Amino acid sequence: MNPSQFLQLLPIDSQSPQKRIIHVCHQLPFEITYQGSEEKWSFLPRRGHSAMHAGIRSLNGDQWRTLVIGGAGKIHISPEAGLKDTVSPPWLCGQEKDRLVNQLLEDHNCIPLLLDSESAAGHYDGYCKTMLWPLFNYIIWNDATDGRLERQQWDAYCKVNQAYADMLVEQYTEGDTIWVHDYHLLLVPMMIRNKLPNARIGLFVHASFPSSEIFRCLPKRQEILKGMMGANLVGFQTYANARHFISTCTRVLGYESTPDGVDCDGHFCYVGTFPIGIDAESIDAQRSSPGVLPKIKAIAEMYTGKKILVGRDKLDLVKEVVLIQVTDSTTAESAKLEHKVSEAAAHINGTFGSLEFTPVHHYHHHIQPDEYYALLSIADAAVLTAVRDGMNTTSLEYVMCQEENHGPLILSELAGTAGSMGSALLVNPWDYAGVAKAINDALVMSEEEKATRHMQLLRQVKSNTASFWAHSFVKSLNYTMALSDMNNYTPLLNNESLLASYKKANKRLLCFDYDGTITPICKTPGAAVPPPDMLRALETLCNDAKNEVWIISGRDEAGLDNWLGHLPGLGLSAEHGSFIKYPHTSKWINLAEHCDMNWKHDVLEIFTYYTERTTGSFIEHKRCAITWHYRLADPDYGAFQAKECQNHLEGAILSKMPVEILVGKKNLEVRPISVNKGEVVNRLLVQQQQEDGGFDFCLSCGDDRTDEDMFKTMSKAESIPSQDVFSIKVGIEGKKTRARWYLPTVKAVIQTMQAMASVSASASVNESL
Ligand SMILES: O=P(O)(O)OC[C@H]1O[C@H](O[C@H]2O[C@H](CO)[C@@H](O)[C@H](O)[C@H]2O)[C@H](O)[C@@H](O)[C@@H]1O
């Protein structure tokens, strides 16, 4: 179930009133001007990101208070202040800075981040604009460099992200909800998580997010994705972006995922789609303001007898004007592009124009709001043909301005808004003939069709507002947290009670699984060598006479002997309980010797069939089991083939042979039904009971389904008080398990082993004194 779906199922009033939401944005919504030491600072609305800031503002109300942390940007100096030009923030001395901070907080609930200009430029003009922005919009950089500039920009990106995270941590109080915005701050969620492990963190990516094939080109791809994973919920504008993100995490980081999100080393990061809208009421008020009507009249007079097409795009690499009769371009980010567009306009005018008629008017400057709304209102059609756009709020504003005229909207299907604007004339911006046809269709469209299409668009714009977007995201974030709590059947292992119980015990049984429990999962089985710190702890545990320590694994005897055989005090069980080797002995005992192994040939045939058809997959042969691995295959195709293979095995083998199929971590395993890890644990419990009065402390620890048999057996060990039985699942807390506790990672397991080992070591020192 994805977060948007939780909304329909869970009660709306689950938040207590007046909780605080702290937004972390690249820039504050205001341009700051210094008026002089005796005057108040002045704050004027900053251009751009108006939908985001409208959404943020809308959250201030009965339920929430908002605080916005954002970059101050360049600080302007009023001519009256007696200083020159604009300057970067560091000139601010203590008193002036305090005055600015206090005033922003009091007047607007904002806290400014004052960055030095070098870091700010390296972060924004550098890493954001030259690395991330083109890539996120499907443009691979074509200027090869020696990597030095990129490293400097990356360093600036990290430094600036850290500054935002630190500022947040400074402001944070328990219970706050944190909402980080956009691609400028993708490392911030994990930086915060490192300092505030239990915080409620949302991240919304306002920009597009590319497919994994594009994203994987980014040299810092892992760092960026892991930074994002610090969030509890990552939101995107479109379903396609969300899907790309999930599959990128699977492919680049090798994490397991579901359509709801990504499982990241014991933390589930939910992913959802939340298309942003505009503040419809405010746009309605602005388009009807007194300044707009005279502009409408002036434009109408200027183009009497002509149909007006309007286009408005930011001039950057991802937005090109295909055919525009009146354009207004906003920020000039590229002089080269401006030149290109001017040339195209001149060409069209030269070819199709005359002394009395100029078909393309290209205005390349910021136009004032009155002119903007007048243009959107007077147009006969809008042509918005970006080749990539996170959303495109101009299309929404155009619909608001056309309440009377019903002018058709020609919209690029590669703009985020296209997904919800089904009544627009959607075009592929690369298909020039298709765009030309759409323009013609728009101009000859009947009034009736225009009205019907416009009504549908308007309904969409008025219902999916900026406020709706912001509220949906925050509610989903809260619900994902609630869902994690609800799924948390299994609490985090309480180390204190474990150690207390361990200390007082006289005879302990410790059973550990191997892969994914005491050794991290690796790309190939041969690479999963035991970590040295784990081996040291294991050795100390084995040296404690009160302990009986076992590794109970799916691995074969040779593998376990090779990696762990040097610890004589360690008991080993291989192939999920088929073989055991008692501590201080060298002989393996085959517990499955009476099992029928005739199934192996048929299973091998099926596994071979899938191996031949799944590049990267391979078969691991064991004495009593066969394993088909697909970790190195394409993740989606591998998972698909594994399902097919499982169905095949179930149909062809299970009904006829006494075997079981185990669905492991990127593997499928077949082994006799009569052996399992629980049987080994049971054998050890019974033997100890018969020989020496039983254990008074039991621990089993494992990460996959085969380990559930150990947990089950231990939970039934009636002779041991339940508070001294520790069954521990390794991995994400949300998974159903029979274990009583969970630990998130292999690292946490090793730390627990070390903690028990130090109890054993100090007991042995005390005894020898
Ligand atoms: O019972 P376990 O000790 O957890 O062993 C289960 C299987 O582990 C191995 O495969 C898994 O670990 C590999 C190394 O990290 C990894 O490459 C693979 O994708 C995992 O499935 C082992 O190869 C199997 O024989 C074990 O049954």
Side-chain angles (χ1 to χ4, degrees), residues 250 253-256 263 265 510-531 534 538 549-565 570-581 592 600 603-604 607 610-611 614 616-635 638-639 641-642 645-646 659-672 675-681 700-711 728-731 735 737 739 743 745-747 749-750:
T250 314
L253 297 176
Y255 288 156
E256 302 285 333
D263 177 348
D265 292 338
L510 310 177
C511 300
F512 297 98
D513 161 60
Y514 184 78
D515 288 283
T517 298
I518 56 173
T519 297
I521 291 290
C522 298
K523 283 194 171 159
T524 57
V529 293
M534 184 281 290
L538 198 57
V549 189
W550 281 79
I551 302 300
I552 303 180
S553 167
R555 292 274 179 170
D556 63 12
E557 304 129 275
L560 293 179
D561 270 339
N562 181 27
W563 282 332
L564 303 165
L570 184 64
L572 297 175
S573 170
E575 299 196 19
H576 305 291
S578 298
F579 302 91
I580 56 170
K581 189 171 88 170
K600 277 184 107 176
V603 170
L604 190 60
F607 277 169
Y610 284 93
T611 307
T614 315
S617 69
F618 59 90
I619 299 169
E620 183 186 359
H621 297 266
K622 300 190 249 189
R623 274 170 69 191
C624 292
I626 316 181
T627 313
W628 181 65
H629 289 272
Y630 60 94
R631 185 171 295 279
L632 298 180
D634 174 278
Q641 289 289 76
C645 181
Q646 192 183 342
V659 292
E660 202 176 351
I661 303 169
L662 305 172
V663 180
K665 292 192 162 166
K666 307 264 183 192
N667 77 30
L668 281 182
E669 195 151 13
V670 182
R671 58 119 212 248
V675 292
N676 68 58
K677 294 181 177 183
E679 292 299 321
V680 176
V681 172
S700 55
C701 188
D703 70 318
D704 67 27
R705 218 194 50 65
T706 65
D707 303 311
E708 293 294 323
D709 294 321
M710 291 201 284
F711 305 148
I728 305 162
K729 171 88 177 178
V730 185
K735 276 186 191 150
T737 176
L743 279 172
T745 56
V746 171
K747 196 170 155 205
V749 175
I750 297 177

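Just follow the structure's listing: the first ligand is 1, and inside any ligand the first atom is 1. The structure displayed is predicted, hence computed values, not measured ones.
- Counting protein heavy atoms only, atom 23 (O) of ligand 1 is closest to Glu620 OE1, 2.8 Å.
- Checked by distance only, ligand 1 and Lys666 stay at 3.5 Å or farther apart across all their nitrogen or oxygen atoms.
- Side-chain polar atoms of Trp550 and Ser573 form no donor-acceptor pair below 3.5 angstrom.
- Counting only distance, with no hydrogens or angles, the side chain of Thr614 and the backbone of Thr611 share no donor-acceptor pair below 3.5 Å.
- The single protein non-hydrogen atom nearest to atom 8 (O) of ligand 1 is Asp515 OD2, 3.0 Å, given as residue, atom name and distance.
- Residue contacts with ligand 1 for Thr524 involve N, CA, C or O but no side-chain atom from C-beta outward (heavy atoms, distance under 4.0 Å).
- With ligand atoms numbered from 1 in the order given, ligand 1 contributes 1 (O), 2 (P) to contacts under 4.0 Å with heavy atoms of Lys677.
- Among all protein heavy atoms, the one lying closest to atom 20 (C) of ligand 1 is Lys665 O, 3.3 Å.
- Of the charged side-chain nitrogens involved, none lies within less than 4.0 Å of a carboxylate oxygen, so that Arg705 and Glu669 do not count as a salt-bridged pair.
- The Glu669 neighbourhood of ligand 1 comprises atoms 27 (O), with distances under 4.0 Å to a heavy atom of that residue.
- Using a 4.0 Å cut-off between a side-chain N of Lys or Arg and a carboxylate O of Asp or Glu, Lys729 and Glu708 qualify as a salt bridge.
- With sequence neighbours left out, Tyr255 forms a ring pair (Phe, Tyr, Trp, His ring centres under 6.0 Å) with no residue at all.
- Residue Asn667 approaches ligand 1 through these ligand atoms, each under 4.0 Å from one of its heavy atoms: 10 (O), 21 (O).
- The protein heavy atom nearest to atom 10 (O) of ligand 1 is His629 CE1, 3.4 Å.
- Taking atom 16 (C) of ligand 1 as the reference point, the nearest protein heavy-atom neighbour is Cys522 O, 3.3 Å.
- Listed by chain and number, the residues in a ring pair (Phe, Tyr, Trp, His ring centres under 6.0 Å) with Tyr514 are Trp563 (sequence neighbours excluded).
- With Thr627 as the fixed residue, the side chain to side chain contact (heavy atoms under 4.5 Å, CB included) test singles out one of Arg555, Glu620, Arg671: Glu620.
- In terms of protein heavy-atom proximity, atom 19 (O) of ligand 1 is closest to Arg631 NE, 2.7 Å.
- Checked by distance only, ligand 1 and Gly554 come closer than 3.5 Å through their nitrogen or oxygen atoms.
- Distances from atom 25 (O) of ligand 1 to the heavy atoms of Lys622, Lys523, Arg555, His576 show the closest one on Lys622.
- What sits closest to atom 2 (P) of ligand 1 on the protein, heavy atoms only, is Asp513 OD1, 2.8 Å.
- When heavy-atom distances to ligand 1 are checked against a 4.0 Å cut-off, Ala528 comes that close only through its side chain, counted from C-beta outward.
- Within a 6.0 Å sphere centred on NZ of Lys600, other residues, nucleotides and ligands contribute more than 12 heavy atoms.
- Ion pairing between a basic and an acidic side chain is recognised when a charged N comes within 4.0 Å of a carboxylate O; Asp556 and Arg623 show no such pairing.
- Remark: Lys622 does not engage Glu557 in a salt bridge, criterion side-chain N to carboxylate O under 4.0 Å.
- Of all atoms in ligand 1, numbered sequentially from 1 with element shown, those under 4.0 Å from a heavy atom of Tyr514 are 3 (O).
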